[in-house]
Amino acid sequence: MPRTNDEAAAALQEYAELFALTGGDAFRVRSYQKAAKAIAGYPRDIGSADVRQVPGVGDAIAKKVTEYLERGSFRQLDDLRSKVPDGVRRLTRVPTLGPKTAMMLFDRFQIDSPAALAEAIEGGRLKGVKGMGPKTLDNLLRGIAQLEAAQGKVHIGVAMEVAERVVESLSEYAERIDYAGSLRRMKDLVGDVDVLAVASPEIMDRFKEQPYVSEVIASGRKKTSVRTSAGLQVDLRVVPAESWGAAMQYFTGSKEHNVAVREMAVKKGWKLSEYGLFDGDTVLAAADEAEIYTALGMQYVPPPMREGHGEVAAALRGELPTLVEISDLKGDLHTHTDLTDGIASLEDMVAAAARRGYSYYAVTDHAPDLAMQRMTLDKARAQREALRALQASHPKMHLLHGTELNIGPDGSVDWPEEILAEFDVRVASVHSHFQQSKAEMTARFIAACENPGVDVIGHPTTRKIGRRGPVDADWEAVFKAAARTGTVMEIDSYPDRSDLPADLVRLARHHGVKFSIDSDSHAIPHLDHQRFGIGIAQRAWLTPDDVVNTWSLTRLRRFLKG
DNA sequence: GCCGTTTTCGGCCCGACTGTTTTCAGTCG
C-alpha cells in the first residue's frame with residue numbers, strides 16, 4: 001500500500017476543506033478533492049512516480065505535492081492552517097454542519113469545537129439566529145452525540161495502516177514484532193494499537209524517532225506509548241522471546257475471552273499469565289500461542305473469535321467452525337469504475353482483479369437514480385459490451401456485468417424487471433432518505449429483498465464510521481425477508497463502512513441469510529479491502545458455505561435470482 | 001485548479017431534501 005500517496009492525499013484533502021471554509025471557489029475545492037482521491041487511489045507510489053501522471057493533477061497541485069513530499073507540508077496549507085482553528089474543521093465533522101455554518105459559528109460566536117457548539121445550543125445562545133430553527137439545533141445536538149460515540153476511536157483501515165507501518169519501521173531492530181489487541185481481533189473500531197516485540201531496549205529509542213510519532217506519552221524499558229500524527233495511541237511492549245506466545249495471547253484479548261481461558265487453567269490447578277501457562281514452576285506452554293490452547297485441551301481460537309461469545313466452550317468441545325479465509329474468496333461482487341465515481345478505468349480494474357487470481361469479478365457501477373453519477377441505460381449497456389469484449393483477454397476470470405441500484409424511499413429500484421434481467425449481478429443499496437422511521441425503513445428493505453431483480457443488499461446499514469450512524473430498521477424482519485427470498489446481505493469491506501457489522505452478520509446468519517464479502521472498490525488499491533470484510537465474517541463465525549463469493553461460479557449463478 | 005474527438009477558454013457532477021423561508025441557502029450522495 002503506497003502510504004506516501006495516502007499522506008499526500010490527506011494533506012490535499014485538508015487543504016480542500018480549509019479552502020472551502022475560508023470561502024474559496026467551489027470548483028477549485030472540487031479540484032483539490034478530486035486530485036486527493038486520485039492520488040490516494042493511484043496504484044503506484046508518487047514518491048517514485050511522476051505525480052503529474054495522476055489524472056486530475058496539473059502544474060499547481062503537482063507543485064504542492066512535491067513540496068509536501070520534501071517537507072511534509074506546503075506553503076498554502078501552512079497559511080490556511082494558521083487562519084482556521086483546528087476546532088472549526090472539527091465542527092464540519094458534525095453531520096448536517098457544513099463549511100458555511102461552521103465559519104458563521106466561529107466568526108459570530110467564537111464556537112470552535114463540537115463540544116462548544118453543544119454548550120451554546122443547550123445554553124440557548126443560538127436561539128433566534130437566522131437559519132438556526134429548533135429542528136436544526138436539535139439535529140446538530142444529535143449529530144454531536146453521534147460524533148462523540150466514536151470519539152477517540154478510528155476505523156480499522158486507519159489503525160491497520162498505522163500498525164503495519166510501525167511493524168515495518170521497527171522490524172530491523174526486532175527479532176520478532178507484531179501487533180496484538182483489538183486490531184488483531186479485527187474489530188471495526190480501534191481505540192489504540194498494541195505492538196509486541198522481542199528486542200533489546202534500544203528499540204524504544206528507534207520507535208520514538210519515527211516520523212509518524214507526534215508525541216511521546218510515556219517511555220520505559222518494557223513499554224513506550226506514543227501518539228501518532230493520525231491521533232492514534234500506539235503502545236510498544238518488549239517481551240521475552242520465551243513468552244512471546246503467552247504475551248500475544250494476553251495482549252490480544254479480549255478481556256472476556258482471557259477470563260474464560262484463565263478459568264480453564266485454574267480449574268486444572270494451573271496459572272496463565274502474559275508470561276506463560278504454568279503448573280507450579282513448570283512451564284507448560286509460553287513461546288507459542290497455539291500451544292497454550294492445546295495444553296488447555298482446547299482448539300486454537302482464531303483472534304477474531306476471541307470475544308467471550310461462547311468460543312471457549314465451543315473450543316473445549318472441539319466444535320469451532322472452520323472460518324472463511326481470504327484465500328477462500330473466488331471473486332468480488334461489488335466494484336466501480338470511472339464510468340461513475342470510481343477513479344480507474346474498466347480495463348485497469350479488470351486487469352488488477354485478474355492479477356488477484358479471481359475466478360469471477362463483477363463490475364457494478366451506480367444506476368441512474370443517483371443523479372450525480374449521470375448514469376444512463378445506454379452507458380450501462382455500452383459498458384456491458386466493453387466488458388464482454390475484455391473477456392477474451394482474461395480467459396481465467398469470468399467477467400460479470402452488474403449494477404449498484406438505489407433503493408428508493410418506497411423500496412423500488414431504478415429499473416423495471418426486464419431491464420434488471422439484463423444484468424448478471426444486481427446489488428441494491430440505500431443512498432438517500434436515511435432518516436426514515438424504523439417502520440418505513442424496514443418495509444423499504446423488505447420490498448427490495450422481494451424484488452426478483454435484486455440479488456444483493458449493499459452496505460445495509462449505510463453507516464460511515466465517524467460521519468454517519470446506521471439507519472434504523474427492524475433487522476430481524478429484514479433478515480427473515482432476505483432468507484426467505486434468497487437475497488444476499490453484503491459485508492461491505494470498505495473499512496469506514498464495515499457494513500454489515502459483525503453483530504448484525506451473526507443475527508442474519510441465525511436467520512439463514514447468505515453473505516457476499518465485497519470490496520466496493522473505487523480504485524485499484526481498494527481491492528485489498530476484502531481482508532477487512534473477512535475479519536468481520538470471522539468475528540461472526542462465518543464458514544465458506546455462508547459466503548456466496550467463495551462458491552464456484554456455477555453454484556453462485558444458480559443461487560442468484562433470475 | 002483541471003481539462004480538451006466542439007481544446008487554451010469556459011465549462012466543470014446534478015438534483016433533492018431539510019428547515020427554513022415567503023423564495024432559498026446549505027448540505028448531501
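Residues M186(A) and R531(A) share a closest heavy-atom pair of CE-O, 3.5 Å.
Look at the P atom in both dT5(B) and dT21(B): the space between them is 48 Å, to the nearest Å. On the C1' atoms, dT7(B) is 12 Å away from dG11(B), given to the nearest whole Å. Spacing of C1' atoms, dC12(B) relative to dT6(B), comes out at 16 Å, to the nearest Å. If you take atom C1' in dT20(B) and the same atom in dA25(B), they sit 9 Å apart, rounded to whole Å. Distance noted for atom P between dC3(B) and dT8(B): 16 Å (whole Å).
Residue V57(A) is in sugar-phosphate contact alone, with no base atom involved, counting any heavy-atom pair closer than 4.0 Å across all strands shown. D59(A) comes within 4.0 angstrom of sugar-phosphate atoms only, judged by non-hydrogen atoms across all strands, and of no base. Contacts of K63(A) with the nucleic acid, taken as non-hydrogen atoms under 4.0 Å apart, are absent.
D518(A) and S516(A) share a donor-acceptor pair across their side chains, judged by distance under 3.5 Å alone. No side-chain donor from either of K379(A) and T340(A) sits under 3.5 Å from a side-chain acceptor of the other. Side-chain contact check for H459(A) and E490(A): no donor-acceptor pair (N or O, by modelled atom type) lies under 3.5 Å.
Relative ring orientation between H522(A) and Y494(A) is described as perpendicular, the plane-to-plane angle rising above 60° on a 0-90° scale split at 30° and 60°.
Under the Watson-Crick or G-U wobble criterion, with both distances below 3.5 Å, dT8(B) has no partner in any strand shown.
The CD atom of Q373(A) sits 12 Å away from the P atom of dG29(B) (whole-angstrom rounding). Summarising the geometry, the separation between CG on L91(A) and P on dG26(B) is reported as 16 Å, rounded to the nearest angstrom. Look at CD on Q33(A): it is 18 Å from P on dC12(B), rounded to the nearest Å. In this structure, CZ of R52(A) is placed 10 Å from C1' of dC3(B), rounded to the nearest angstrom. As rounded to whole Å, 15 Å separates atom C1' of dC14(B) from atom CG of D414(A). For the pair K34(A) NZ and dC3(B) P, the computed distance is 7 Å after rounding to whole Å. Atom CZ in F434(A) sits roughly 17 Å away from atom P in dT27(B) (whole-Å rounding).
Closest approach to the D25(A) side chain among dG1(B), dT27(B), dG15(B) is made by dG1(B) (side chain taken as heavy atoms from C-beta onward). The side chain of M372(A) lies closest to dC14(B) when the candidates are dC14(B), dC17(B), dG26(B). Among the nucleotides dG19(B), dG15(B), dC13(B), the one closest to the side chain of T136(A) is dG19(B).
Heavy-atom nearest nucleotides on DNA chain B were determined for K464(A) and for A60(A), and the one closer to the 5' end corresponds to A60(A). Along DNA chain B, the nucleotide closest to G58(A) and the one closest to V129(A) are compared, and the more 5′ of them pairs with G58(A).
A cation-pi arrangement is found for R384(A) relative to F423(A), the charged atom lying closer than 6.0 Å to the ring centre and inside a 45° cone about the ring normal.
Remark: S432(A) is not in phosphate contact with dA16(B), judged by side-chain N or O atoms under 4.0 Å from OP1 or OP2. Contact annotation: R374(A) side-chain N/O to dC14(B) OP1/OP2 distance is under 4.0 Å.
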